[in-house]
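Predicted, not measured: the structure shown is a model, and the values here were computed from it. Lettering of chains follows the sequences in order, A, B, ..., and the numbering in each one begins at 1.
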Amino acid sequence: MSEEVDRTGKDFIRQIIDGDLKSGKVKKIHTRFPPEPNGYLHIGHAKSICLNYGIAKEYGGKFNLRFDDTNPSKEEAEYVESIIEDVRWLGADWEDRLFYASDYFEQLYEWAEQLIKKGKAYVCDLSAEEIREYRGTLTEPGRESPYRNRSVEENLDLFRRMRAGEFPDGAKTLRAKIDMAAPNMNMRDPVMYRILHRKHHRTGNKWCIYPSYDWTHGQSDSIEGITHSLCTLEFEDHRPLYDWFLEQLGIYHPQQIEFARLNISHTVLSKRKLLQLVETGVVSGWDDPRMPTIAGLRRRGYTPEAIWDFCERIGVSKADSLVDIGLLEHCIRDDLNRRALRRMVVLRPLKVIIDNYPDDKVEWLDAVNNPEDESAGTRKIPFSKEVFIERSDFMENPPKKYFRLYPGNEVRLKHAYYITCTDVVKNERGEVVEVHCTYDPESRGGGTPDGRRVRGTLHFVSAKHGVPVEVRLYDTLFTVPDLSNLPEGKDFMDYLNPNSLEVIENALAEPSLSNVKPGEKFQFLRLGYFCVDKDTETLKKPVFNRTVTLKDTWAKIQRKLKKNGG
RNA sequence: UGGGGCGUAGCCAAAUGGCAAGGCAGCGGCCUUUGGAGCCGCCAUCUGGAGGUUCGAGUCCUCCCGCCCCAGCCA
């Protein structure tokens with residue numbers, strides 16, 4: 001205790017921050033999340049948001065949301081709106097500090113003139129292709145542009161005329177004058193401004209030259225007084241360039257720290273690939289419940305709490321990783337287990353007729369809403385002579401360890417009665433269409449005075465009370481875990497999972513589910529967690545998305561039996 | 001073959017020269033009116049490899065191997 005910094009268990013970034021605080025390098029922590037509005041946010045961005053906002057909160061500091069909107073040809077207002085919504089939904093609070101890099105265009109322009117005056121930047125007439133040729137390769141140094149030694153006066157004049165719109169797109173660029181032989185490619189006279197006669201979503205037609213990301217990012221952080229600029233690994237070798245700009249300008253210097261971006265198995269996390277999925281119609285949109293976007297996860301039924309939990313569990317480091325999607329699923333199960341109300345829904349109904357139950361009798365039985373939370377209370381569920389059970393809960397010739405309904409076996413209908421299978425009715429194709437049972441009136445509520453045990457408990461829906469609902473079952477978007485390392489000639493689109501969506505249009509739900517609102521979440525007993533989809537309003541019937549299944553021990557046993565030749 | 005990073009269990013990830021945390025997955029068992037949840041136990045004689053320094057090395061040194069990123073007027 002005392003002067004030792006306790007770093008145990010903290011990620012390396014927090015350890016650095018602890019050190020900076022202790023040494024007095026910084027007094028208050030200030031972080032930011034700097035998205036480019038050219039697509040929807042995904043779970044990888046959530047990692048960054050949780051890191052940046054989490055740190056600001058833990059250290060009593062501040063957190064900014066800033067759009068890095070330096071490229072009007074890719075960016076749209078729709079994206080800034082969705083991003084704002086998603087960051088807010090995740091619970092990160094930027095208070096009154098919502099900024100745009102485009103807010104700094106004028107300042108950036110002035111700074112550019114400053115560099116020109118110092119002889120550290122020049123207007124270059126080389127075309128894009130020529131710049132590439134002059135840049136050299138990874139192993140050979142580049143050559144200096146023939147325009148590199150223009151006078152300050154000429155550069156200033158040309159740059160001002162670039163701004164004034166005298167030149168067409170691509171005719172000229174403003175470049176930093178650094179070192180064409182630098183082993184770090186980023187230092188080989190990088191482009192600071194390009195001519196782009198394009199309308200910007202915020203500045204409109206005010207500008208026809210736009211600053212590059214490299215020329216914008218570090219200074220934006222500097223302007224905002226960001227103490228720790230957290231970004232992903234690919235910007236590590238841009239850091240010397242940012243340092244160079246900041247030093248030439250003589251302005252406040254934030255500390256950049258890089259961490260590894262998130263990868264998750266069986267999905268892709270790159271805006272380019274996600275855009276492709278959207279544009280090719282493989283998914284219904286950025287918020288398709290199969291998408292790893294924040295909007296998709298939200299529609300799928302994920303909660304901000306589960307996403308935060310996930311981001312905390314995966315940790316932060318500099319090692320490339322591929323996190324098992326099972327961990328994400330664990331997090332949402334863990335959260336929903338505690339808070340989701342239980343309901344009964346039968347996906348693929350099989351009729352059960354209880355022969356010794358009175359024809360027109362209906363009983364309303366008590367059912368616990370959530371065994372994990374007594375305060376969730378109870379509800380009434382109807383029971384009658386004819387009920388539906390899950391087709392998979394009956395087998396005429398069951399394998400070993402099958403505890404569900406089969407001829408002669410007694411099972412419990414959850415919250416209701418014990419029933420015993422007495423007969424099976426089949427159609428001409430030999431398919432079971434109806435099962436006959438008898439019930440034990442003594443077992444009302446699910447237990448008997450004699451205390452005898454039944455191994456199986458089934459969910460059910462009373463036939464005459466069942467409410468038709470649509471249920472959408474999702475699986476992973478891709479069939480292989482690692483989409484970053486595919487065989488020669490294969491593309492990630494070659495591994496799309498044809499069964500990533502299965503729609504069940506005629507499931508039957510208990511009556512309490514007849515009136516639900518989009519976003520509401522439930523556990524359907526023995527099936528999984530489900531979330532009411534927004535289509536509920538347009539389709540005029542309840543539509544549920546399966547967020548995640550329950551853990552399925554029986555499926556595991558089946559797999560084992562199969563493997564052992566059972 | 002230039003530069004910048006990274007290698008700890010099936011997957012993440014701690015460790016800061018003192019006897020390899022934790023989580024997910026997996027495997028046993030208990031319990032159960034959800035084959036859910038919960039509970040208990042097991043799961044690295046070993047840190048990419050080889051040498052070296054040290055009483056002591058995942059941590060320090062040397063060499064080697066492997067993987068990722070950089071040649072946009074994208075971010």
If [N] has a Watson-Crick or G-U wobble mate with both distances under 3.5 Å, name it; if not, just say none.
N: B:G66; result: B:C6
N: B:A13; result: none
N: B:G41; result: B:C27
N: B:U54; result: none

Quiz item: Of A:Phe12 and A:Leu527, whose nearest nucleotide on RNA chain B comes first from the 5' end?
Solution: A:Phe12
Exercise. For A:Arg444 and for A:His238, locate the closest nucleotide of RNA chain B by heavy-atom distance; then report the residue assigned to the nucleotide nearer the 5' terminus.
Key: A:Arg444
Closest listed nucleotide, where the reference is the side chain of [X] and the choices are [options]:
X: A:Asn71; options: B:G5, B:G72, B:C74; result: B:C74
X: A:Arg132; options: B:A71, B:G5, B:A37; result: B:A71
X: A:Leu327; options: B:G35, B:C73, B:C24; result: B:C24
X: A:Ile131; options: B:G35, B:G26, B:C73; result: B:C73
X: A:Leu138; options: B:U34, B:C73, B:G2; result: B:G2
X: A:Asp11; options: B:C69, B:A14, B:C73; result: B:A14
X: A:Glu36; options: B:A75, B:G36, B:C73; result: B:A75
X: A:Thr553; options: B:G36, B:C6, B:C11; result: B:G36
X: A:Thr70; options: B:A75, B:G5, B:C74; result: B:A75
X: A:Arg194; options: B:C74, B:G5, B:A71; result: B:C74

Whole Å only: how far is the [atom1] atom of [X] from the [atom2] atom of [N]?
X: A:Asn186; N: B:G5; atom1: CG; atom2: P; value: 13 Å
X: A:Lys560; N: B:A25; atom1: NZ; atom2: P; value: 15 Å
X: A:Asp320; N: B:G48; atom1: CG; atom2: P; value: 15 Å
X: A:Ile264; N: B:A13; atom1: CD1; atom2: P; value: 13 Å
X: A:His200; N: B:C74; atom1: NE2; atom2: P; value: 14 Å
X: A:Lys74; N: B:G72; atom1: NZ; atom2: P; value: 13 Å
X: A:Phe310; N: B:G22; atom1: CZ; atom2: P; value: 21 Å
X: A:His330; N: B:C12; atom1: NE2; atom2: C1'; value: 13 Å

Please measure how far the [atom1] atom in [N] lies from the corresponding atom in [M], and state the result in whole Å.
N: B:A71; M: B:A13; atom1: P; result: 26 Å
N: B:G66; M: B:G48; atom1: P; result: 16 Å
N: B:C63; M: B:G4; atom1: P; result: 15 Å

Quiz item: Short question: side chain of A:Asn64, backbone of A:Arg66 - any donor-acceptor pair under 3.5 Å?
Solution: no
Check whether NZ of the Lys or CZ of the Arg [X] lies under 6.0 Å from the centre of the six-membered ring of [Y] and within 45 degrees of that ring's axis.
X: A:Arg343; Y: A:Phe522; value: no
X: A:Arg198; Y: A:Tyr210; value: no
X: A:Arg143; Y: A:Tyr134; value: yes

Exercise. With syn defined as a glycosidic angle within 90° of 0 and anti as everything else, classify B:G72.
Key: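 Base orientation relative to the sugar is syn.
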Exercise. Scan A:Glu372 against the nucleic acid and name what it touches under 4.0 Å (heavy atoms): base, sugar-phosphate only, or nothing.
Key: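 Since a base atom lies under 4.0 Å of A:Glu372, the category is base.
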Practice problem: Have a look at A:Leu241 and say if it touches a base, only the backbone sugar-phosphate, or nothing, with a 4.0 Å heavy-atom cut-off. | Solution: nothing
Between the side-chain atoms of [X] and the base atoms of [N], is any donor-acceptor pair under 3.5 Å?
X: A:Glu234; N: B:G5; result: no
X: A:Asp237; N: B:G3; result: yes
X: A:Arg404; N: B:G35; result: yes

Exercise. Would you check if there is a donor-acceptor pair between the side chains of A:Ser392 and A:Arg348 at a distance under 3.5 Å?
Key: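 Side-chain D/A pair, A:Arg348 to A:Ser392: absent.
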Quiz item: Between A:Tyr302 and A:Phe310, is the gap from one ring center to the other below 6.0 Å?
Solution: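 No, the ring centres sit 6.0 Å or more apart.
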Quiz item: How long is the gap from CG on A:Asn155 to CZ on A:Arg148, to the nearest 0.5 Å?
Solution: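 The CG atom of A:Asn155 sits 11.5 Å away from the CZ atom of A:Arg148.
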